[in-house]
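Reviewing the structure listed below.
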Protein chains: 2
Amino acid sequence: MASSPDYAGHFSDRNIPFGIASSFVHSNPQATTRIANSVIFLTDLASSGFFENVKDLPGGIFAESTLNSFAALPQTMHTAVRAAISDAFRQKGLDAFPTDSIEDISAVTMHLPVHVSDFADFSCSLEHVKNAGRIIINNGAPPPAFFNFPIAYQGRASSVVVSGTPIERPMGQFRDGPNIKYGPSQKMDYEMEFAAIVGTPLAMKQRLHATDADRHIFGFVVLNDWSARDIQGFEMMPLGPCNGKNSGTSISPWVVTVDALKPYAIKAPFVEEGKDVVVPASLTDASRTTYDIQMQVDIQSGGSSTVIGTANVSSLYWSTRQMLAHIVSAGAALRTGDILATGTVSEAGEGSQGCLLETTEGGKQPVTLKDGTKRSFLADGDIVRMTAVAGSAESGVGWGDCTGELVSARPY
Amino acid sequence: MASSPDYAGHFSDRNIPFGIASSFVHSNPQATTRIANSVIFLTDLASSGFFENVKDLPGGIFAESTLNSFAALPQTMHTAVRAAISDAFRQKGLDAFPTDSIEDISAVTMHLPVHVSDFADFSCSLEHVKNAGRIIINNGAPPPAFFNFPIAYQGRASSVVVSGTPIERPMGQFRDGPNIKYGPSQKMDYEMEFAAIVGTPLAMKQRLHATDADRHIFGFVVLNDWSARDIQGFEMMPLGPCNGKNSGTSISPWVVTVDALKPYAIKAPFVEEGKDVVVPASLTDASRTTYDIQMQVDIQSGGSSTVIGTANVSSLYWSTRQMLAHIVSAGAALRTGDILATGTVSEAGEGSQGCLLETTEGGKQPVTLKDGTKRSFLADGDIVRMTAVAGSAESGVGWGDCTGELVSARPY
């Protein structure tokens with residue numbers, strides 16, 4: 001895991017992700033990419049003729065305040081735009097781009113990269129569901145359908161915010177011993193997740209095999225599914241989580257494309273459990289294709305940062321392509337800007353869990369931070385930071401971070 | 001319940017709902033209203049100067065292909081537009097409008113009235129949850145949080161379709177005795193629901209009391225939350241329904257405004273159960289304001305139509321204003337075009353249930369249709385029709401209908 005605080009190493013010329021930024025100079029939020037710590041405004045490139053060899057690129061597309069129109073273009077277009085940028089950079093460095101198009105990352109404000117259409121959150125980690133089952137209902141059995149398909153719930157799309165947005169501790173009702181209490185959540189948690197963003201849409205009532213699903217993915221983000229465990233615990237029988245997950249869902253500002261991740265596609269390990277379950281053809285993926293992406297979460301408190309968990313996306317039982325295939329299998333559509341998240345990424349072993357519920361055994365085994373304080377769940381003022389890199393720390397392909405500060409509940 | 005097949009009686013000059021229509025003459029989907037069987041295209045009215053006394057009405061707003069921009073305007077604007085139309089009609093009848101602006105309902109195609117942002121589906125009926133609990137888990141107890149707040153789940157916004165859209169029987173995995181089967185759902189059902197559509201938005205992290213929530217409602221629609229009970233039953237532990245509800249959610253094309261329903265606001269009956277549960281101030285509504293709206297569902301099969309259930313919105317334990325107050329109480333936003341649905345509207349007594357699960361006791365007591373066939377759940381080719389009127393059948397304020405034909409699952 002690259003440790004440079006500015007993540008310059010995540011953004012080599014092999015990454016070329018997309019994001020929406022604004023600045024004093026570029027006052028309207030618009031499409032950008034990033035190389036090291038330089039944010040490059042793509043409208044400036046387009047108007048200088050930089051993309052003249054990218055056939056059929058719609059004019060003005062990078063001036064829009066979300067990436068949706070660009071994401072909806074064929075993946076070949078994303079590839080061509082990325083290639084034009086990386087090829088030029090390899091030849092001339094930053095001199096390849098108009099001076100006005102470049103600003104330092106410290107000078108820009110990042111915005112939500114897409115208008116989020118639907119947000120579906122899955123539960124792909126076998127380790128996570130076993131841990132949660134053991135902790136919550138004293139039963140480590142996975143949910144009944146876990147091995148049959150990637151189970152999911154729909155989240156609230158309007159609650160998705162960009163990294164850096166403060167998250168307010170929510171008010172709600174929850175169990176307090178034998179009573180029901182109303183007040184600020186006492187069990188605020190994060191969930192470290194990986195998420196696909198849909199590019200090419202798919203109409204309702206279509207068929208999609210997992211092995212064809214990558215063509216509908218624009219790219220991927222790191223996602224923090226903030227969770228008020230106590231509110232969630234009281235509300236979710238039988239309709240699932242709702243307000244416990246609605247106070248905010250943070251995503252990284254940079255969308256790393258499917259293309260950039262191709263070198264990091266690997267075969268997921270064989271899992272003994274569930275091997276006898278027959279799944280529909282649409283979910284079958286003999287290649288077991290996933291990505292070697294190392295994720296990490298830390299809590300910043302009292303001026304220091306403590307790594308709480310690291311886990312690899314390749315440990316998930318279900319892959320992002322299987323998530324897409326499942327969600328459309330009953331007739332639903334995919335729209336550009338849809339987010340499909342993996343659920344908490346957790347592996348076996350100490351320090352390999354993606355949420356505090358698991359790390360602290362539901363609060364019973366608090367973690368000690370470097371500043372000497374303990375956490376069963378999050379405290380007001382905690383900054384939760386998630387990072388991810390593909391392959392090794394030196395790959396040059398990463399997401400930077402997805403952060404958020406938990407701020408106190410305001411009085412009603 | 002008005003029985004005229006064209007529902008002309010639902011659309012008196014006291015209704016003046018809004019919808020999106022197109023036709024051979026008006027080829028672009030655009031904003032309309034309806035009086036009896038006449039659909040009136042509002043852009044034609046606007047360009048003739050009809051609304052010149054409606055101050056600050058943005059130009060071109062009725063030419064848009066959804067009602068979102070109009071819905072986002074202050075409610076006083078909706079009131080002023082409706083008043084201009086109804087006043088003119090009362091004076092001169094249809095002669096009050098330019099000839100070209102009027103088309104017969106039979107000549108137009110209705111479209112989805114709004115771009116749906118988020119879709120939250122609640123569970124507001126005490127009768128429904130008792131019935132469902134008894135049938136599904138042999139336990140008539142309401143969900144743990146039922147009396148504390150209106151429990152809800154997020155639905156898939158892209159699955160919301162306009163009345164008339166065929167619904168395809170979904171494929172999925174479900175329990176078949178001790179085995180898990182993959183194939184077309186064997187337990188397709190409807191759910192008769194009432195739903196609010198958000199007009200004025202509310203940012204994240206705001207506070208909203210139920211008694212102030214009506215100001216965020218643009219209007220209401222009739223909604224059919226098609227449900228594959230077997231797919232839903234297998235998937236929903238612990239994250240709630242997902243694919244079982246994703247094959248389509250139908251809404252009526254006409255949005256009846258908050259304003260038009262004011263004469264039908266009534267006080268909900270006092271309910272003994274749950275009376276000792278203390279709810280937060282934001283959910284408290286001493287006025288117990290709800291609406292006297294009679295809903296009805298029938299199944300059309302073999303050339304005849306059989307009424308299966310009738311129930312009144314006022315029978316719900318939680319009101320639409322309480323639904324809005326709850327969904328934002330943990331920090332979530334409201335966006336224009338959000339749909340918040342009540343869940344199945346059911347009352348006690350035979351013929352008063354809003355879904356087949358309840359009507360047939362989970363399939364154990366099939367209903368006999370007028371064509372002599374029996375239904376435990378829906379059959380391919382069934383057309384499910386839901387209607388609603390405010391007050392009595394003669395009120396002149398209704399929704400027309402929300403229909404959909406269940407078509408067979410296509411082979412993969």
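Lettering follows sequence order; numbering is per chain, from 1.
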Which residue out of B/A333, B/G331, B/A409, B/A120 racks up the most heavy-atom pairs below 4.5 Å with chain A? B/A333

Bottom line for B/L283: the part with an atom under 4.5 Å from chain A's heavy atoms is side chain

Select, from B/V116, B/N243, B/V328, the one with the greatest count of heavy-atom pairs under 4.5 Å involving chain A. B/N243

When the ring centroid of B/F234 is compared with that of A/F149, is the distance short of 6.0 Å? yes

Checking heavy atoms, do the side chain of B/M236, its backbone, both or neither come under 4.5 Å from chain A? both

Contact check, side chains of A/V161 and B/M204, non-hydrogen atoms, under 4.5 Å: yes

Does B/N148 offer a backbone N or O that forms a donor-acceptor pair with the side chain of A/Q173 under 3.5 Å? yes

Among B/P170, B/A157, B/P241, B/A228, single out the residue with the greatest number of heavy-atom pairs under 4.5 Å to chain A. B/A157

I'd like to verify something: which residue of B/K205, B/E235, B/R169, B/R175 has the highest number of heavy-atom pairs under 4.5 Å with chain A? B/K205

Ranking B/G172, B/S247, B/G133 by heavy-atom pairs under 4.5 Å to chain A gives rank one to B/S247

Grab the two heavy atoms, one from A/R410 and one from B/Q206, that are nearest each other, plus how far apart they are. NH2-N, 4.2 Å

Closest-packed option against chain A by number of heavy-atom pairs under 4.5 Å, given B/G248, B/C242, B/G155, B/P280: B/P280

Per-residue contact mode, B/P166 against chain A (heavy atom under 4.5 angstrom): both

Measure the shortest side-chain to side-chain distance between A/S158 and B/L334 over non-hydrogen atoms and say whether it is less than 4.5 angstrom. no

Part of A/I151 lying under 4.5 Å from any heavy atom of chain B: both

Relative to chain A, which segment of B/I231 carries a heavy atom at a distance below 4.5 Å: side chain, backbone, both, or neither? neither

